[in-house]
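What follows is a single structure, written as structure tokens, with notes after it.
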Amino acid sequence: MSQKILVVEDERTLNEAYQMILEQDGYDVHVVFDGKEALEKCKTFEPDVILLDLRMPKMGGIEFLKHYNLKEEHPKVKVIVFSNLDTQGEVDEAYKLGAHKYMLKAWASPKELSQLVANTLEDK
């Protein structure tokens, strides 16, 4: 059974690129475009890893993490937060809410993304 990844990213081209890269690695990948869609998707899809953009319309990554409650309700789910902005306050908040790793989107090559997801899954 392949491991499940949820990509939460509002930029359609990045969303599609992440999906393609991760499906090539054999993961079961589902994509949504904001935090509200992610909360809805997680009612029927329990991911192993969530790739979460911090800045999105409707509901951003921090707001999603506040509702998703990683620590108490989903302790086995690993979250990697992505952002184009190196805003330490938001990153710190994401870690407090249970995020496991952080990476600047602009610096993530396909190989780095694959390696980051693989390493995160091994951290269990």
Side-chain angles (χ1 to χ4, degrees):
M1 186 166 152
S2 66
Q3 292 176 303
K4 298 182 271 187
I5 311 289
L6 178 63
V7 178
V8 188
E9 166 61 63
D10 63 312
E11 291 182 43
R12 203 164 284 278
T13 52
L14 281 176
N15 201 316
E16 291 170 0
Y18 294 160
Q19 182 177 17
M20 187 178 68
I21 292 162
L22 294 168
E23 283 179 345
Q24 286 175 349
D25 288 344
Y27 298 114
D28 176 12
V29 182
H30 291 233
V31 297
V32 295
F33 297 95
D34 63 60
K36 284 188 181 217
E37 287 183 26
L39 288 173
E40 200 56 38
K41 174 58 93 175
C42 288
K43 291 178 182 175
T44 59
F45 179 75
E46 179 76 15
D48 296 295
V49 173
I50 298 173
L51 294 180
L52 181 64
D53 188 11
L54 289 179
R55 297 259 172 112
M56 297 175 286
K58 296 183 187 173
M59 180 186 285
I62 297 298
E63 196 66 23
F64 167 80
L65 289 171
K66 288 178 180 175
H67 286 85
Y68 192 61
N69 196 352
L70 274 169
K71 292 179 181 177
E72 293 176 22
E73 294 177 26
H74 307 279
K76 292 182 179 177
V77 178
K78 306 288 185 195
V79 174
I80 302 169
V81 292
F82 281 84
S83 183
N84 277 328
L85 306 168
D86 193 11
T87 51
Q88 197 57 47
E90 281 182 290
V91 174
D92 291 345
E93 180 79 8
Y95 279 127
K96 285 179 193 162
L97 292 167
H100 294 83
K101 296 196 171 147
Y102 167 73
M103 187 170 200
L104 280 171
K105 278 195 272 189
W107 295 355
S109 71
K111 185 176 181 180
E112 289 169 323
L113 176 65
S114 293
Q115 194 60 53
L116 183 62
V117 169
N119 290 345
T120 301
L121 285 163
E122 290 172 8
D123 285 349
K124 291 188 176 196

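In this structure, OH in Tyr95 is found 12.0 Å from CG in Leu65, a value given to the nearest 0.5 Å. Atom CE of Met56 sits about 11.0 Å away from atom CD of Glu11, to the nearest 0.5 Å. Here the straight-line distance linking atom CG of Leu6 with atom CG of Leu22 works out to 11.0 Å at 0.5 Å rounding. To the nearest 0.5 Å, atoms CD1 (Ile62) and CD (Glu90) are separated by 6.0 Å. Note that CG of Leu97 is 9.5 Å distant from CD of Glu63, once rounded to the nearest 0.5 Å. Rounded to the nearest 0.5 angstrom, Ile21 CD1 and Lys111 NZ are separated by 13.0 Å.
The side-chain heavy atoms of Lys66 and Met59, taken from C-beta on, include no pair separated by under 4.5 Å. You'll find the side chain of Asp10 stays beyond 4.5 Å of the side chain of Asp34, heavy atoms only. In this structure, the side chains of Leu113 and Phe82 come closer than 4.5 Å at one or more pairs of heavy atoms. Residues Val77 and Leu70 have side chains in contact (heavy-atom distance under 4.5 Å, counting atoms from C-beta outward). Contact of the Val49 side chain with the Tyr27 side chain is not registered, since no non-hydrogen atoms from C-beta on lie closer than 4.5 Å. Under the 4.5 Å side-chain criterion, counting only non-hydrogen atoms from C-beta, Leu51 is not in contact with Leu116.
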| task | Before giving the answer on side chain to side chain contact (heavy atoms under 4.5 Å, CB included), spell out for Lys101 and Asn119 the whole-Å C-alpha distance, their side-chain angles and the decisive distance to 0.1 Å. | result | CA-CA 10 Å; Lys101 296 196 171 147; Asn119 290 345; 4.0 Å; yes

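Scored by the ring-ring contact (aromatic ring centres under 6.0 Å, His included) test, His100 finds no partners at all (sequence neighbours excluded). In this structure, Phe33 has no ring-ring contact (aromatic ring centres under 6.0 Å, His included) partners at least two apart in sequence or on a different chain. Partners of His74 by ring-ring contact (aromatic ring centres under 6.0 Å, His included), not counting sequence neighbours, listed by chain and number: Tyr68. Legend: residues meeting side-chain contact (heavy atoms from CB on, under 4.5 Å) with Lys96, ordered by chain and number and at least two apart, are absent. Applying the salt bridge (charged side-chain N to carboxylate O under 4.0 Å, His left out) test to Lys36 and every residue at least two apart in sequence or in another chain returns nothing.
No donor-acceptor pair under 3.5 Å is formed between the side chain of Asp53 and the backbone N or O of Gly61.
With hydrophobic clusters built from ILVMFWY side chains whose heavy atoms lie under 4.5 angstrom apart, Ile5 does not share a cluster with Met20. Hydrophobic clustering of Ile, Leu, Val, Met, Phe, Trp and Tyr side chains at less than 4.5 Å, counting indirect connections, unites Val8 with Leu104.
For the pair Glu73 and Pro75, the tightest heavy-atom approach, listed with the atom from each and the gap, is C-CD, 3.4 Å. For Leu54 against Ala94, the heavy-atom pair with the smallest separation is CD2-CB, 4.4 Å.
A 6.0 Å sphere centred on CD of Glu72 holds no more than 12 heavy atoms belonging to other residues, nucleotides or ligands.
Listed by first then second residue, pairs satisfying salt bridge (Lys or Arg N to Asp or Glu O under 4.0 Å) with a partner in residues 15-26 number zero, not counting sequence neighbours.
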Atom pairs and distances, side-chain donor-acceptor, residues 38-46, under 3.5 Å, sequence neighbours left out:
| unit_1 | atom_1 | unit_2 | atom_2 | d |
| --- | --- | --- | --- | --- |
| Glu40 | OE1 | Lys43 | NZ | 3.2 |
| Lys41 | NZ | His30 | ND1 | 3.2 |
| Thr44 | OG1 | Lys41 | O | 3.3 |

